[in-house]
Structures are given as C-alpha cells and as structure tokens.
Protein chains: 2
Amino acid sequence: MTPDTRLADTDSTRNEPRVTGRCALTPMPASRPLTDLLRLMGGEPDGSEADHAFTVPLWQVRAGATLLLEGARASHVYVVRAGTFKSIKTAEDGYEQVLAFSSPGDVLGFEALCEDRQHTGAVALEDSIVFAIASRDLLLWRRQYPTLDHALQLALSRRLARAGEMTELMAAVSSEVRLARFIMWWSARMEALGQSPRRLRLRMSRRDIASLLGVAHETVSRSFSTFVECGVLSVANREVEIIDLERLKACTRNTRGLADDMPYRSAVGGRPAGLRQRTRSLEAASLTVN
Amino acid sequence: MTPDTRLADTDSTRNEPRVTGRCALTPMPASRPLTDLLRLMGGEPDGSEADHAFTVPLWQVRAGATLLLEGARASHVYVVRAGTFKSIKTAEDGYEQVLAFSSPGDVLGFEALCEDRQHTGAVALEDSIVFAIASRDLLLWRRQYPTLDHALQLALSRRLARAGEMTELMAAVSSEVRLARFIMWWSARMEALGQSPRRLRLRMSRRDIASLLGVAHETVSRSFSTFVECGVLSVANREVEIIDLERLKACTRNTRGLADDMPYRSAVGGRPAGLRQRTRSLEAASLTVN
DNA sequence: CGATCGTTTGACGGTGCTCAATCACCGTGG
DNA sequence: CCACGGTGATTGAGCACCGTCAAACGATCG
C-alpha cells in the first residue's frame, strides 16, 4: 500500500483535507473535549472547567492514507487517538525508509515546526483517528491551557525517550537480536495501552519492520521462523504470540551476536536468566535436532 | 581521558559494576543572561528587557565527566553552550551503547522528565559548558519568559528531527554507507555552528562512532581507510577532511543494496538515480582500478 | 620512558544480502 | 464458483561483507 508517497511539491495545503496519492482521506467528523486529549497524553485530568468546555477537532485517517506529507508545511501537530502510523522518509531513488511506528498518545508532526517543513512523512497503517492542533494555535493554546502545556511537555519527553529506544533497537548487530528487541518494544507499548503484551497484532508488514531495523525483509522472515522453531514465538502472519518470554528477553540482551553463555561463572547479578543460550546456539540447536 | 567509561565492547566482559561519574565535575562558575541562551537555541533575541535582566546559571563539565547519570532523578535540563557530549545507555553486561552526540544548542536531559529518571546518560567528550535549568523551574520559567518557551519548542522540534536523522544513519546496511552518512551528518552540524564543513575535528573515538552506527570499531577504521584510498577523505587520527564531497554524498544515498550509482567519474548532478548498482561500488571501483 | 589506550591492518569464518522460486491470501471479474 | 493477477510471506542457494580474534603500531600522559 501507498507506494505512491512521492516527494511533495511544496504545496501548503490549509485546513483542507489533502488528497495525497491514493485514498488519502482526512475528513473531520467531530471534536472532543480537551480533557480527552489530556488523558490520552498521560496528563492528569485536573478537572478544570475550561478543559471540559474547550474541544479539539478530530480527524479520521483511513488505512494507507498520508497524514504527514513529506515536503509540506507544518500546518498541524497531531496526537494519535486511535490506530497506528509509520513515519517514513523517502529517498530520491524512491526507497521508503521507515523511521518509527506511532501508537495512541504519540505526537506527530512536531519535528516539522523547527523549519516549517515536514522532513518525514506519516502514513496510517490502519484506520486511525487523530487530534489536530493547528501549528499557529499551538503557542496560544499552550499558554491558555496549562494542563495541555504540561501534557505536551510530557509527551515530547516520552517521544525523545522513545527515539533513544529506536536507536538502541537498531544498534544490535545480529538481525535476530534486532527483531527480538523490536518484539519486546512493541509488546511493552501494547501493554502500556492496556492491551495484551503477549498476543501481539502487528500492524506493519515485514518489509516495514525490515526497513526500520535496517535488514532485508527476507531476514526478518527468517528470524521469525527461527524463533518459532525454537519455541520462543508463535507466528501466524501478523499475529504474534510470545511463548517463552525469558528466552526472548535473553536474546534481547545480546548486544552483538555474542554475549554467549556466560551464566557459568561470575555471573553478575543473581540468577542468570535461566538457560541462557546464545543467539546462534538457538538456531544451531534447531538444526542439529535432525 | 574518560578512562572510566568502560566499553564492554566485543568481549563478553562480565564487567564490573560501572563506576560512572568518577571525575564528574560540574561546578558552576558563572551565569549568563537569558538572551545568550535564546540566541544559542536559535530563538530570536526579541530584545525584551526581562531577557537581559534574567540570568541562567552555567556549569562547566570537564572532558570525561558525566553530566547525566543513568538512573538519577531528572533534576535539571541542560542546553549545551560549548563542547560535545555523547548520550549513552549502559546495558546490564556493561556494554555502553552510544545513542547520540550533542553539540552547542542541543537540549540534554529533557527525555528524563516523563518518568523522572535518566534512562540515558551523557558524558562530555571535551571540556564543555552548559546552561542548567532546574526541572522544577522549567514550567514556571517557560510561562514567565515566552521567548524561552518558544525557543525551547524550536529546540525540541529540532531534536526530534535529529532523532529521525539518527535512525536514517543506522538504517543503511553497508557499513561504509553508514560511516559516510555519519560524516555528512557531522559536517552539516559543524556548518550550522559556523565551523568548516570540510575540515572536521571528530570529538569521539572510533569506538563511540562504531557503537552509534552499530558496527565493529575495526570496521569503522577499515571504512575510513577505504575512503582515504579512494580519495574521498583525508584522515589523520581524529582530523577528517572531506576531499571529494560529491562522491561522499553519492555514497550517502545508497540506502541498501539497491539504487545507487556513483561511478567515480560520471557526472554527479542530481540524477534520477535509475541505475542500480551494488553498495560496494565505491570499494569495488577502487579495487579494480589496479 | 614505560604504561595504557586508541587505531590500524591481517586472516578467517559466519551471518545476512541478493537473486529466485513458491505459496498463501485477497479482491476482481469472468 | 473458479481463474486471474497482485501483494505479502516464506524458503533456498550462493557468495561476499563484516564480526571476531590477533597482533602491531601510534598517541597520550604520568
């Protein structure tokens, strides 16, 4: 989907829903009180009267639609209310690099403020809903509603922390470790949203995951298979279930392919995470079984 | 310097408990008017009287000293005034993962606000100076000095944009491409600071670069050597000069195996990049020359 | 001047990228 | 209902990039 996302032609579409590429629908069906937005962002309700009276517009974004168009002006800042997005950057040769995935509570479009240009795009991976805040209103609203200001500060802080996590994800050298970290990362995020941390429903394609992790998509597929064979994961298309959390966690820790079996001696903390085995040995085990 | 920051690195050193912040010196010699801070962050001076009267404390951080200690409370938010920092995250096994490098104008410590815990550390790579803003004063100051508020919004927006650039850096599959992108990234940053974009003085070790890029430090060294042999770079320890900017840029574009073309003599203008060629084109070229 | 750390280079083996083929799953239209 | 592309996911084979181990060399500092 959305193989169309081409570089924008500098159009600075106003409030109107922009029709980028295919089915880019971004109408605005309704609004919700500020309180809802605050709760979504993790801010305390505060119960201020104004927060109930003031409403923020909602936009609906269909699966595959472009919320942030690369090259466009920074017209709005969004907060995801429901759904999932991928942030992308399209190279000159058309290659679409995935930079991040966003879930409810995440802020989108804020990085465009500094130069009034969307240097990264955002595409909905499923039907989604976002709060829309016009950039030119942002400073004013923040000043007028301290609760919003505080919530936004928190959200941005979280976003920066997440960026660090992304870097950590990609820093692993072994592709299996990268995937393991990604699964754990997504699991933690789902749990934070009140969903099951063990039964995951991946919203993105293998190719998107591969792009984010900086590996070939075939490798992602192979790594999934390896985890399945080892009894760590159960995978059915985009439905993933974590079977052996400890082993998955252990795999996460390996920074590079190594970090071998160290439990034998001088293990630092207490219990060395059960039967620790190196990434390779996992695969090796499954192979030597025959 | 920085003998304290032990790199577990390749060996599975069952490290000793990290001795973070040994010579962590952070005295506070002086203060500077808010105007200075605003200018540093890219905000417009505005010329407000209050901005001149109000002063922000400065801290000095010696090379190798820890500004942000992992696990500590979020006591302050800092803005780099001079010097360079690396942001790190130490794994349980002691491996020190580099997450980012920071230069003057960058905000440090903001990501700790969301949970009142420094999940990432920061170490000075050279003698540095930072503005220090107590976390508990942040909201108040922002409200009291709108220019600061706006400048901070800009700075955070920039920081998020930079995070995306980091991800882009690491997403390349070829280690040479990663290094090329890193050089270009650092060059752009130096230029933004008013320094030469061609003659670079790297503040960090090969190990730190390798950690950030997710490759072995030997590979970084080898890639540097390759670039030197190809006449793209001139390297003397940590002094790097960009000799052939176009070739370096061309190398930067290669996302993964696909899409690139940089015959070392073919015209270099913005090309439609239709030809595809292997990632190793550069090295291959240099090798087949003989 | 010696110790320590950072950097470089070599050799070797393995992981993962590339190129393909196959299968599963759709929505479409015959 | 089934044939028909189209997309995504999986798996295989081959090879070369790069991680690992090792050993010099160079730089810095006490």
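In what follows, chains carry the letters A, B, and so on, assigned in the order in which the sequence lines appear, proteins first and then strands, with residues in each chain numbered from 1.
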*Could you tell me whether B:E126 and B:R201 make a salt bridge, using a distance below 4.0 angstrom between a side-chain N and a carboxylate O?*
no

*Does OP1 or OP2 of D:dT7 have a side-chain N or O of A:R207 closer than 4.0 Å?*
no

*Is the NZ or CZ atom of B:R206 positioned over B:F224's six-membered ring, under 6.0 angstrom from the centre and within 45° of the axis?*
yes

_Atom-to-atom span, CG of B:L179 to C1' of D:dC17 - whole angstrom_ = 15 Å

*Can you figure out which of C:dT7, C:dC17, D:dT20 approaches the side chain of A:V215 most closely?*
C:dC17

*Is there a side-chain contact (heavy atoms from CB on, under 4.5 Å) between B:S103 and B:L193 once you walk through the steps?*
CA-CA 9 Å; B:S103 311; B:L193 292 177; 3.8 Å; yes

*Degree of bending in the helix from C:dC1-D:dG30 to C:dC26-D:dG5 once both end axes are built from five pairs, to 10°*: 50°

*Quick one: which of C:dC17, D:dC18, D:dA9 gets closest to the side chain of A:R238?*
D:dA9

*After noting the C-alpha distance and the side-chain angles of A:E239 and A:S234, does the key distance pass the side-chain contact (heavy atoms from CB on, under 4.5 Å) rule?*
CA-CA 8 Å; A:E239 307 281 343; A:S234 164; over 6 Å; no

*asked:* Restricting to side-chain hydrogen bond (donor to acceptor under 3.5 Å, both in side chains), what partner residues turn up for A:S187, sequence neighbours left out?
replied: none

*Test side-chain contact (heavy atoms from CB on, under 4.5 Å) applied to A:W186 and A:V240, step by step*: CA-CA 11 Å; A:W186 186 259; A:V240 174; over 6 Å; no

_Where A:L200 and A:I242 come nearest, the two heavy atoms and their spacing_ = CD1-CD1, 4.3 Å

*Rounded distance (Å) that lies between atom C1' of D:dG19 and atom OH of B:Y95*: 12 Å

*In the 5'-to-3' direction, what one-character label does each nucleotide of nucleotides 8-13 of chain C receive under the scheme B = base within less than 4.0 Å of a protein heavy atom, S = sugar-phosphate only, - = no such atom?*
BBBB--

*A:F227 has an atom CZ; how far is it from atom C1' of D:dT10, in whole Å?*
17 Å

*Send over the distance from B:R178 CZ to D:dC17 C1', rounded to a whole Å.*
12 Å

*Which pair of non-hydrogen atoms, one from B:S128 and one from B:T84, has the smallest distance, and what is that distance?*
OG-N, 3.3 Å

*Given atom CG of B:L125 and atom P of C:dC5, what is their separation to the nearest angstrom?*
18 Å

*Please give, in whole Å, the distance from C:dT7 P to B:L233 CG?*
16 Å

*Identify the two heavy atoms, one from A:R189 and one from A:S102, that lie closest to each other, and give their separation to 0.1 Å.*
NH1-CA, 3.9 Å

